Asker: 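The structure follows.
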2 protein chains.
Amino acid sequence: MHSVAITPETLFQALSDSTRLRIIRLLVMTDEEICLCELVDALLEPQYNLSRHLKVLRQAGLLTSWKEGRWVYHRLTKHPDYLQQLYTLVRSLPDTDNVYRTDLRNFSHRMALRENGRCRVGILSNDLKTGSE
Amino acid sequence: MHSVAITPETLFQALSDSTRLRIIRLLVMTDEEICLCELVDALLEPQYNLSRHLKVLRQAGLLTSWKEGRWVYHRLTKHPDYLQQLYTLVRSLPDTDNVYRTDLRNFSHRMALRENGRCRVGILSNDLKTGSE
DNA sequence: TGCATAGTTGCATTATAGCGCAACTATGCA
DNA sequence: TGCATAGTTGCGCTATAATGCAACTATGCA
């Protein structure tokens, strides 16, 4: 009962993109499960773009995802064990231009809209929805 | 007195290649300073290829390099501090198909040829030297 | 002083990655 | 039952990265 072996290169590859690193950083700092629409309002990146980045992270073994009604939640995986050391590293990365801090603030505002700890509203940033051009 | 800021993405990008990860793993495990010709005999990869990978790692801030006569030595940088956590992570990565173990064994044999702790012989694997085709 | 060798790098080729667009699926609610 | 919306994905374009080849520099030694 274990997933397919993922090479360490794939792991680092997944983190070599700034958007994906922002996602992981947010998840590490909050220790939350987050759905896509909340992520859109936190990072202010297009929905389809984040959707694809989430897929890359999932395939690298960093994320677990599951569907609840219309919403798909994502959280960090806990195994294998060395991932804990990765998360420790991500946590201690510098936030030179305050991007991570801004993401976290936006996310906090979004989280305030949850009901009983669950997402109940869609994407607030209209211009970042998939069909918006 | 600090180097130019290197983004975390660049760091992970540097580790997203299997050959470069083998280099870093070897340096982490041995805590040694290694010159290119020794690395060629350890990883059994072409000299020009490793030379370029070393450059990528250097530009990502992971390596310090210096010249001694004909030889150029490389070792891991110690700062910024979060690099220590990165090295801890690299150390705990699994060695699924024993590639790292083989590299380490080959390197041990090469190290036995040093005199007074310094490299004195060139590349032993003739077919991996730059002009060998 | 010339040669062997440790190391670097430009060039061309190929493979891969990111992204915008738009079409698609799926789910809840009026 | 139909519509709005959360989310996914194929297509095409562009940018970047890995690599082999070969020419190049630099250093020590006969």
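As the structure is a computational prediction, the values presented were derived from the model and not from experiment. In what follows, chains are A, B, ... by sequence order, proteins preceding strands, each numbered from 1. Only heavy atoms go into these numbers, but all of them, side chains included; no hydrogens, no water, no symmetry mates.
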Asker: List in chain and number order the residues that pass side chain to side chain donor-acceptor pair (under 3.5 Å) with A/Gln47, two or more places apart in sequence or in another chain; answer none if no residue qualifies.
Answerer: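 Residues passing side chain to side chain donor-acceptor pair (under 3.5 Å) with A/Gln47: A/Thr130.
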Asker: Can you tell me the distance, in whole Å, between the NZ atom of B/Lys129 and the C1' atom of D/dA23?
Answerer: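 In whole Å, D/dA23 C1' and B/Lys129 NZ are 18 Å from each other.
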Asker: Write out all pairs satisfying salt bridge (Lys or Arg N to Asp or Glu O under 4.0 Å) with one or both partners inside residues 46-59 of chain A, taking only residues at least two apart or from two chains.
Answerer: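 The answer is none; no pair qualifies.
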Asker: Run the salt bridge (Lys or Arg N to Asp or Glu O under 4.0 Å) test against A/Arg118 and tell me which residues pass, sequence neighbours left out.
Answerer: A/Glu33, A/Glu68
Asker: Please check this pair: side chain of A/Arg75 against backbone of A/Asp31, looking for a donor-acceptor N/O pair closer than 3.5 Å.
Answerer: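 Not confirmed, A/Arg75 side chain does not pair with A/Asp31 backbone.
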Asker: To which residues is A/Tyr48 joined in a hydrophobic cluster, defined by side-chain heavy-atom contacts under 4.5 Å among Ile, Leu, Val, Met, Phe, Trp and Tyr, whether direct or through other members?
Answerer: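 Its cluster partners, ordered by chain and number, are none at all.
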Asker: Mapping B/His74 and A/Gln13 onto DNA chain C by nearest heavy atom, which one lands closer to the 5' end?
Answerer: B/His74
Asker: As an exercise, state the distance from OG1 of B/Thr88 to CG of A/Leu86, rounded to the nearest 0.5 Å.
Answerer: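 That separation rounds to 12.0 Å.
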Asker: Rounded to whole angstrom units, what separation is found between the CZ atom of B/Arg110 and the P atom of C/dA6?
Answerer: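 It is 9 Å, rounded to the nearest whole Å.
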Asker: So, does A/Ser125 use its side chain to make a donor-acceptor pair with the main chain of A/Leu44 at under 3.5 Å?
Answerer: no
Asker: Can you tell if the side chain of B/Leu83 reaches within under 4.5 Å of the side chain of B/Leu11, non-hydrogen atoms only?
Answerer: yes
Asker: Once you round it to whole Å, what is the distance between P of D/dA17 and CD of A/Glu9?
Answerer: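 Checked: the CD to P distance equals 17 Å.
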Asker: So what does the secondary structure string of DNA chain D come out as, 5' to 3', with Watson-Crick or wobble pairs under 3.5 angstrom, [ ] for crossing and | for pairs with another strand?
Answerer: ||||||||||||||||||||||||||||||
Asker: Mind checking side chain to side chain donor-acceptor pair (under 3.5 Å) for A/Arg20 and listing every partner two or more places apart, or none if nothing turns up?
Answerer: A/His53
Asker: Under 4.0 Å, heavy atom to any atom of DNA chain C: which of residues 46-55 of chain B qualify?
Answerer: B/Gln47, B/Tyr48, B/Ser51, B/Arg52, B/Lys55
Asker: Within residues 15-38 of chain B, which residues have any heavy atom lying less than 4.0 Å from an atom of DNA chain C?
Answerer: B/Cys35, B/Leu36, B/Cys37
Asker: Please determine whether side-chain hydrogen bond (donor to acceptor under 3.5 Å, both in side chains) holds for the pair A/Gln85 and B/Ser92, giving the CA-CA distance in whole Å, both sets of side-chain angles, and the decisive distance to 0.1 Å.
Answerer: CA-CA 9 Å; A/Gln85 277 153 349; B/Ser92 62; 2.5 Å; yes
Asker: Could you check B/Leu54, B/Ile6, B/Leu15 and say which one makes a side-chain contact (heavy atoms from CB on, under 4.5 Å) with B/Leu62?
Answerer: B/Leu15
Asker: Only pairs at least two apart or in different chains count here, so list each salt bridge (Lys or Arg N to Asp or Glu O under 4.0 Å) that has a residue in residues 82-105 of chain A.
Answerer: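 Only A/Arg22-A/Asp103 qualify under salt bridge (Lys or Arg N to Asp or Glu O under 4.0 Å).
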Asker: Nearest whole Å is fine: how far is C/dG20 P from A/Leu128 CG?
Answerer: 10 Å
Asker: What integer distance in Å separates B/Asp41:CG from C/dT5:P?
Answerer: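 Taking atom P of C/dT5 as the reference, CG of B/Asp41 is at 14 Å.
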Asker: Whole angstrom is fine here: how far is it from CG in A/Asn126 over to C1' in D/dA6?
Answerer: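 Taking CG of A/Asn126 and C1' of D/dA6, I get 14 Å after rounding.
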Asker: Rounded to the nearest 0.5 Å, how far does CD1 of A/Ile34 lie from CZ of A/Phe107?
Answerer: 3.5 Å
Asker: Can you check nucleotides 24-29 of chain D for protein contacts, nitrogen or oxygen pairs under 3.5 Å, and list what you find?
Answerer:
residue	atom	partner	partner atom	Å
D/dA26	O3'	B/Lys67	NZ	3.4

Asker: Does A/Asp127 offer a backbone N or O that forms a donor-acceptor pair with the side chain of A/Ser132 under 3.5 Å?
Answerer: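 Yes; at least one donor-acceptor contact below 3.5 Å.
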Asker: Could you state the atom-to-atom distance from CG of B/Asp127 to P of C/dT5 in whole Å?
Answerer: 15 Å
Asker: List the steps, then state whether side chain to side chain contact (heavy atoms under 4.5 Å, CB included) holds for B/Asp41 with B/Leu124.
Answerer: CA-CA 6 Å; B/Asp41 286 326; B/Leu124 299 182; 3.5 Å; yes
Asker: Under a 4.0 Å heavy-atom cut-off, which of residues 114-124 of chain A touch DNA chain D?
Answerer: A/Gly122, A/Ile123
Asker: List in chain and number order the residues that pass salt bridge (Lys or Arg N to Asp or Glu O under 4.0 Å) with A/Asp17, two or more places apart in sequence or in another chain; answer none if no residue qualifies.
Answerer: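 A/Asp17 satisfies salt bridge (Lys or Arg N to Asp or Glu O under 4.0 Å) with no other residue.
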